[in-house]
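All remarks here apply to the structure that follows.
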Amino acid sequence: PDEHHLLTPDMIVGVHACCITDWMDLDTDMLLAHYRKDLEYAKNVHAEYVVFHITQVSYAESLTCELIHSHGEVIDAAAAFINRLLDGQDYDFYFLMENLWWPGLTFEDPSLTRRLLDQVHYQKKGLMLDTGHFMSTNTDLRTPADALVYLNKMLNSHEELLPMIKGIHLNQSLSGAYVQDYMLHRPEPSTDPTELATQAFMHIFHIDLHQPFAEPGVTQMVKRIDPLYVTLEYISRDREEHATLLEKGMAALHF
C-alpha cells in the first residue's frame with residue numbers, strides 16, 4: 001500500500017505483478033491472494049496493463065542450472081493458474097505475460113508461445129517482450145549487433161503472433177560470457193535459506209543487466225512489433241545514473 005501517497009493514478013500506466021518464481025508447489029489459495037492484491041491495486045489506479053512473468057525456478061535450480069520442469073509444463077501450469085486468477089473477474093486492463101530465460105515463456109519456440117496464448121481465457125491477454133531476458137537465452141551473444149540479429153530471427157518465427165506483443169521492456173543484457181564461465185565454476189547452493197537467496201540474486205544480477213539497448217536498428221525492430229507500450233527498463237544506482245541511461249536509450253530511438 002502507498003501509505004505516503006507518492007504515486008497518483010495519473011502517474012501510473014502499468015503495474016508489474018510481484019513475481020514469485022518458485023510457485024508450482026505452493027498453496028493455490030495463497031498465490032491467488034498474493035496476485036489479486038496486485039490486480040486490485042492495478043484496477044484501483046486505472047492501470048492500462050499488468051505484467052505477469054511466466055516462469056518457474058527455485059533458487060537452487062537457478063544456481064545449479066539443473067532444471068526440474070520443462071517449458072511446456074510451466075506454460076500449462078501458468079495458464080491454468082491465470083484462468084483461476086482472472087475468470088469471472090471484471091478487470092479491464094491488458095494482462096501481459098512476460099518472458100524470462102528459465103522454464104516457461106522464453107520466445108524460443110513459437111509453438112509454445114501460442115500454446116500459452118491459446119490456453120488463457122482472458123480476452124485482453126497479450127505478451128510483454130523483455131529484450132534483455134530474451135538475450136539471456138543465448139549465451140553465445142557478445143555484441144548488441146549479435147543481439148539484434150537474434151531478436152529479429154525470433155520475430156521472424158513469431159510473425160503471426162507479433163500483434164499479441166502489446167509491450168516491450170527494452171533493455172540489453174549481454175551476459176553470456178559470465179554465464180559460460182559460471183558454468184565451469186558453479187558454487188554449491190547454501191543450505192541456509194537467507195544465504196541461498198543472496199547467492200541466487202547475486203547470480204541473477206550478473207545475468208539480467210538491464211542496460212540501454214542502443215544498437216542502430218533497434219527503432220526498426222520496435223516499429224516492426226508496433227507495440228502499445230515501450231518501457232526503457234534499466235537498473236541504476238541513483239537518479240543521476242538513471243537519467244544518463246534514459247538519455248542513452250532515448251537517443252537510439254527515432255520515431
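- Taking a 6.0 Å sphere around CZ of R84, one finds it holds 12 or fewer heavy atoms contributed by other residues, nucleotides or ligands.
- Within the 4.5 Å cutoff, no side-chain heavy atoms of W101 are placed close to those of F107.
- In summary, the side chains of Q180 and D140 do present a donor paired with an acceptor at a separation below 3.5 Å, with no hydrogens or angles considered.
- S236 contributes atom OG, which lies 11.5 Å from atom NE2 of H210 (distance to the nearest 0.5 angstrom).
- In summary, the side chains of S190 and Q199 do not present any donor paired with an acceptor at a separation below 3.5 Å, with no hydrogens or angles considered.
- Side-chain N or O atoms of Q56 include one that pairs as donor or acceptor with a backbone N or O of W23 at under 3.5 Å.
- Within the 4.5 Å cutoff, the side chain of L174 has no heavy atoms near those of the R142 side chain.
- In this structure the side chain of F52 never reaches within 4.5 angstrom of the side chain of M128, judged on heavy atoms.
- Under a hydrophobic-cluster definition in which Ile, Leu, Val, Met, Phe, Trp and Tyr are linked whenever side-chain heavy atoms come within less than 4.5 Å, directly or via other members, L196 and F205 are assigned to the same cluster.
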Residues Q211, N171; criterion side-chain hydrogen bond (donor to acceptor under 3.5 Å, both in side chains); working and verdict
CA-CA 5 Å; Q211 297 170 338; N171 64 88; over 6 Å; no

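- Between atom CE of residue M202 and atom CG of residue L63 there is a gap of 11.5 Å, rounded to the nearest 0.5 Å.
- At least one test fails for K125 against the ring of F95: distance under 6.0 Å to the centre or angle within 45° of the axis.
- Within the 4.5 Å cutoff, the side chain of L116 has no heavy atoms near those of the L112 side chain.
- The shortest side-chain heavy-atom distance between D92 and K124 falls under the 4.5 Å cut-off.
- Within the 4.5 Å cutoff, the side chain of E98 has no heavy atoms near those of the I54 side chain.
- Contact annotation: the side chain of L129 approaches that of M154 to within less than 4.5 Å [non-hydrogen atoms, C-beta and beyond].
- Counting only heavy atoms from C-beta outward, the side chains of L96 and L127 never approach each other to under 4.5 Å.
- The same ILVMFWY cluster, assembled from side-chain heavy atoms under 4.5 Å apart, contains both L253 and L246.
- Linking Ile, Leu, Val, Met, Phe, Trp and Tyr whenever their side-chain heavy atoms come within less than 4.5 Å puts L105 and V74 in one cluster.
- A donor atom on one side chain and an acceptor atom on the other are not found under 3.5 Å apart for H71 and T106.
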Intermediate values then yes/no, side-chain hydrogen bond (donor to acceptor under 3.5 Å, both in side chains), H121 and D87:
CA-CA 7 Å; H121 303 155; D87 283 359; 3.0 Å; yes

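- Checked by atom type, the side-chain pair T21/Y59 shows no donor-acceptor distance below 3.5 Å.
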Start with the C-alpha distance between I207 and V179, add both sets of side-chain angles, then the distance that settles side chain to side chain contact (heavy atoms under 4.5 Å, CB included), and finish with yes or no.
CA-CA 7 Å; I207 298 173; V179 173; 3.9 Å; yes

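- When all heavy atoms are compared, the tightest approach of E61 to I68 is OE2-N, 2.8 Å.
- Look at R115 and D109 and you find no salt bridge, because none of the NZ, NE, NH1 or NH2 atoms lies under 4.0 Å from a carboxylate O.
- Open room surrounds NZ on K248; 12 or fewer heavy atoms of other groups in view lie less than 6.0 Å from it.
- Among the candidates L151, L155, T219, the single residue satisfying the side-chain contact (heavy atoms from CB on, under 4.5 Å) test with R224 is L155.
- In the hydrophobic cluster analysis, where Ile, Leu, Val, Met, Phe, Trp and Tyr join through side-chain heavy atoms closer than 4.5 angstrom, Y122 is grouped together with V50.
- Linking ILVMFWY residues whenever their side-chain heavy atoms come closer than 4.5 Å, directly or via other members, leaves M183 and L209 in distinct clusters.
- Salt-bridge check for E40 with R36: failed, with every basic side-chain N at 4.0 Å or more from each acidic carboxylate O.
- For residues 217-254, the set of pairs meeting the ring pair (Phe, Tyr, Trp, His ring centres under 6.0 Å) definition, not counting sequence neighbours, comprises Y49-Y229.
- In this structure, the ring of H169 has its center no less than 6.0 angstrom from the ring center of F134.
- The minimum heavy-atom distance linking V15 with I12 is given by the pair CG2-CG2, 4.0 Å.
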